[in-house]
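Labels below follow one simple rule: chain letters A, B, ... track the order of the sequence lines, proteins then strands, and each chain is numbered from 1.
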Amino acid sequence: MAEPNDIYEKVMELAKRRGFIWPSAEIYGGVAGFIDYGPLGAQMKRRIEDIWRGFYVIREGFYEIECPTIGVEPIYVASGHVKGFSDKMCQCPHCEEYLRADHVAAANGCGNAATLPAEALAGALKGAPCTACGEELGDVRVFEFNLMFNTQIGPGSQRKGYLRPETAQGIFTDFPRLLRFYRDKLPFGAVQIGKSYRNEISPRQGMIRLREFTQAEAEIFVHPEGKKHPRFSLYAGYRVPLLGCSGQEGKGEPVELTMRDAVAGGLVANEYVAYYIALTHDILVTVGVDPARLRFRQHLTTERAHYAADCWDAEILSKRFGWVELVGIADRTDYDLRAHASVSGVALTAYLPLEIPRMEKRKRIIPDMKALGPKYRGQAKEVADALMKADPGPEGAEVEVGGGKVFIPASLYQVREEEVEVRGEEVMPHVIEPSYGIDRMCYAVLEHSYDEEMVEGEVRRVLHLPAAIAPVQVGVFPLVSRDGLDTVATEIAALLTAGGIFAEFDESGAIGRRYRRQDEIGTPYAITIDYQTMEDGTVTIRERDSMAQVRVKKEGLGDIVRGLIAGNISFVSLGP
RNA sequence: GCGAUAGUAGUCUAGCGGCAGGACAGAGGCUUCCCAAGCCUUUAGCCCGGGUUCGAAUCCCGGCUAUCGCACCA
């Protein structure tokens, strides 16, 4: 699949040379799974994140929060990462190969290997041959390899901490605060952009699988029975290529459907999932993913988490890596809130008023404290509390107090039937989670933007980045650096910079060379100051993709450039 | 993690026991002036650590990194 000099190598060579992506700690030999964003890469990544914010924070109205990258252990006990985010491994004493302990045991005829604890697995492995070298394993130690980085918090009585494997958990743990912030209404959403960490056993594939990476996640809390999106009409007619479960046997081709049809036909579980599929498509195309190399693939029932109601991945076609997941969009139901409620003991529900309050008959048990007090003394309060939750028979009620069972005769309490008005109910929201891998998006955009074309016998290398994400927005060049052209160009560059435009002044080398330098880093426009500028005050604007030029007055140049970058003005409309 | 292959200037590459060479890029200058032109000058390199050898970029061992295969991939 990977011929030498394939597009990946060309893109990464350019990215390294021009300051998009560098290997981390290169002077110390580098570290697999970590990258640095150089000056242009950091700028481009930030612009992509800001476009993402434009969609999720500004348009959707989901405020951004920021949580620590280190979390205490119970968070990840609740999320399932402490248990489920690790593999049981062992090392063959003969060939030193690391093996998945459960796989070896299963190969040796152990039926329930996947669910056995470590000690039992070690027992099951005693007589088993190593799957690598064939020698008998004997007494091997089975250990957990957890994909989370761990650390200690503080000296002394250290609390165990983990570097977060996803940003989502911070949003879940802030749920009660967020619910208050959004004034006790559903639906609402919160987002987070930040670093996450996974100690991958063997990261390959450059920027695609990192040990430290940037995620942009949204958690949208919705009523479990209200999965109709209030703004669904915005994307109802939006067409997206969808590859459903059933289409994936053999060589399935995605079907292009409107979101309305996808939900009506049952392919996508609900309007929320469909809405964020469309919105994701919108974002990805906006930042420069080629729509012809983008599809949405539904998780197969076997790969989908057991709690998820539906899950779709946005995948891009990479020449090097095949289909690569960029975004996962899942209906996670109430799994996360339920888990955190259970581990923390805090109720993670919203109290929602009913439209019509209903009357409900309730049986209330009123302990007779005058009688209970002297009889049970110190335990009286505990007995009374237990009694109120008990289900009494005609003779009395049996309650559990201090680990033992106690029978309380009916004479010690009253049972009162009363009718109460129920004005609302506690609801545990369901969570819709679109989760974006920002680094993968950056790579996808670089690969899809990269182009080589022949111009007058020379290879012209261009990054066709959307103007909105290009690190440098405009180049400013004096045609020659004398006769005052350079002075005027410097003034124009300063003027643009003062107007918030990232402009790069360059007077070195022939004009064609300077255009090429900017083409290679994706700068969408170049302003050239020539002799005519000195006569009539006009400059030329050159468009990167067409290499065409138009002449405009230098007054109002800032507005034109801003308009071009924002997409409010088309280059063609400036033409003669 | 295992196996295979590789690592020479910013990038690409030649050299494969005996002075490390080139192209492009970069910087300075001359010249030309709207798409990587030319000329001059110049910066800059053998992945790291051991070993063998009179002598190692070159051979051997270990490590790191990259690519491929295996394994792994919430």
- Give a yes/no on whether any side-chain N or O of A:Arg320 is located under 4.0 angstrom from OP1 or OP2 of B:rC68. yes

- Message: Is it true that A:Tyr531 and A:Asp483 share a donor-acceptor pair across their side chains at a distance under 3.5 Å?
- Response: yes

- Task: For B:rA37, give its Watson-Crick or G-U wobble partner with both distances under 3.5 Å, or none.
- Result: none

- Message: Can you see if the side chain of A:Arg513 gets near the phosphate of B:rA25 - specifically, an N or O under 4.0 Å from OP1 or OP2?
- Response: yes

- Message: Quick check for you: among B:rC33, B:rU65, B:rC34, whose closest atom lies nearest to any side-chain atom of A:Ala32?
- Response: B:rU65

- Task: May I ask you to say what A:Asp519 touches in the nucleic acid, namely base, sugar-phosphate or nothing, with a heavy-atom cut-off under 4.0 Å?
- Result: nothing

- Message: Taking ring pair (Phe, Tyr, Trp, His ring centres under 6.0 Å) as the criterion, tell me which of A:Tyr56, A:Tyr276, A:Phe213 meets it with A:Tyr436.
- Response: A:Tyr56

- Item | A:Tyr8 vs B:rU67: side-chain N/O to OP1/OP2 distance below 4.0 Å | yes

- Query: What does B:rA23 pair with, Watson-Crick or G-U, if both distances are under 3.5 Å?
  - Reply: B:rU11

- Message: What is the distance, to the nearest angstrom, from the CZ atom on A:Arg544 to the C1' atom on B:rC34?
- Response: 19 Å

- Item | Separation of B:rG10 C1' from A:Ile521 CD1 (nearest whole Å) | 15 Å

- Is A:Arg164 close enough and on-axis enough to A:Tyr197, meaning under 6.0 Å and within 45°, for cation-pi? no

- Item | Watson-Crick/G-U partner (both atom distances under 3.5 Å) of B:rA66 | B:rU5

- Task: Could you give the distance separating B:rA23 and B:rG55 at their C1' atoms, to the nearest angstrom?
- Result: 31 Å

- B:rU32 - base-pair partner by Watson-Crick or wobble geometry, distances under 3.5 Å: none

- Query: For A:Thr333, does its backbone N or O pair with a side-chain atom of A:Asp331 as donor and acceptor, under 3.5 Å?
  - Reply: yes

- Task: Grab the CZ-C1' distance between A:Arg209 and B:rA71 for me, whole Å please.
- Result: 11 Å

- Query: Quick one: A:Arg517 CZ to B:rG10 C1', roughly how many Å, whole number?
  - Reply: 14 Å

- Any donor-acceptor pair under 3.5 Å between the side chain of A:Arg542 and the base of B:rC35? yes

- Kindly check if the number of other-residue, nucleotide or ligand heavy atoms within 6.0 Å of CD (A:Glu452) is above 12? yes

- Message: Students often get this wrong, so: under 4.0 angstrom with heavy atoms, is A:Val31 touching a base, only sugar-phosphate, or nothing?
- Response: sugar-phosphate

- Query: Is there a donor and acceptor pair, one atom on the side chain of A:Glu200 and one on the base of B:rC73, closer than 3.5 Å?
  - Reply: no

- Item | Euclidean distance for C1', B:rC64 against B:rC54 (whole angstrom) | 31 Å

- Message: Heavy-atom count check: over 12 atoms from other residues, nucleotides or ligands less than 6.0 Å from A:Glu456 CD?
- Response: no

- Item | Ion pair A:Glu520/A:Arg17, N-O distance below 4.0 Å | yes

- Query: What nucleotide among B:rC34, B:rA66, B:rC12 has an atom nearest to a side-chain atom of A:Thr540?
  - Reply: B:rC34

- Verify the contact: side-chain N or O of A:Ser508 to OP1 or OP2 of B:rA27, cut-off strictly under 4.0 Å; return yes or no. yes

- Item | Nucleotide of B:rC34, B:rA37, B:rC35 approaching A:Ala510 most closely (side-chain heavy atoms) | B:rA37

- A:Arg482 near the nucleic acid: base, sugar-phosphate alone, or nothing, with a heavy-atom cut-off under 4.0 Å? base

- Query: Can you tell me how far P of B:rC35 sits from CD1 of A:Ile511, to the nearest Å?
  - Reply: 9 Å

- Task: Starting from the 5' end of RNA chain B, give me the residue, A:Gly30 or A:Glu325, whose nearest nucleotide shows up first.
- Result: A:Gly30

- Message: Tell me if the side-chain of A:Tyr28 makes a donor-acceptor pair with the base of B:rC48, cut-off 3.5 Å, by modelled atom types.
- Response: no

- Query: Which value, in whole Å, describes the distance between the P atoms of nucleotides B:rG62 and B:rG1?
  - Reply: 15 Å

- Task: Report which part of the nucleic acid A:Arg460 touches: base, sugar-phosphate, or nothing (heavy-atom distance under 4.0 Å, all strands).
- Result: nothing

- Item | P-based separation of B:rA37 from B:rG26 [nearest Å] | 9 Å

- Item | Pair partner, B:rC16 [Watson-Crick or wobble, under 3.5 Å] | none

- Could you state the CZ-P distance from A:Arg516 to B:rG26, rounded to the nearest angstrom? 13 Å

- Pairing partner of B:rG45, by Watson-Crick or G-U wobble and under 3.5 Å for both distances, is none

- To the nearest Å, give me how far apart CD (A:Glu458) and P (B:rC24) are. 11 Å

- Side chain of A:Arg17 (C-beta onward), nearest among B:rC72, B:rC34, B:rG10: B:rG10

- How far, in whole Å, is B:rC46 from B:rA14 if one measures between their C1' atoms? 12 Å

- Residue whose nearest RNA chain B nucleotide is more 5′ - A:Lys16 or A:Arg551: A:Lys16

- Message: Partner lookup for B:rU58, please. Criteria are Watson-Crick or G-U wobble with both distances under 3.5 angstrom; report none if nothing qualifies.
- Response: none

- C1' atoms of B:rG49 and B:rA57, separation to the nearest Å: 15 Å

- Message: Students often get this wrong, so: under 4.0 angstrom with heavy atoms, is A:Glu26 touching a base, only sugar-phosphate, or nothing?
- Response: nothing

- Message: Strictly below 4.0 Å, N to O, side chains only: are A:Lys195 and A:Glu212 in salt-bridge contact?
- Response: yes

- Let me know the distance between CH2 of A:Trp22 and C1' of B:rA66, rounded to the nearest Å. 19 Å

- Check against salt bridge (charged side-chain N to carboxylate O under 4.0 Å, His left out), A:Glu491 and A:Lys554: CA-CA 11 Å; A:Glu491 285 164 12; A:Lys554 67 180 180 189; 5.6 Å; no

- Item | Euclidean distance for C1', B:rG18 against B:rA6 (whole angstrom) | 25 Å

- Euclidean distance for C1', B:rC40 against B:rG17 (whole angstrom): 38 Å

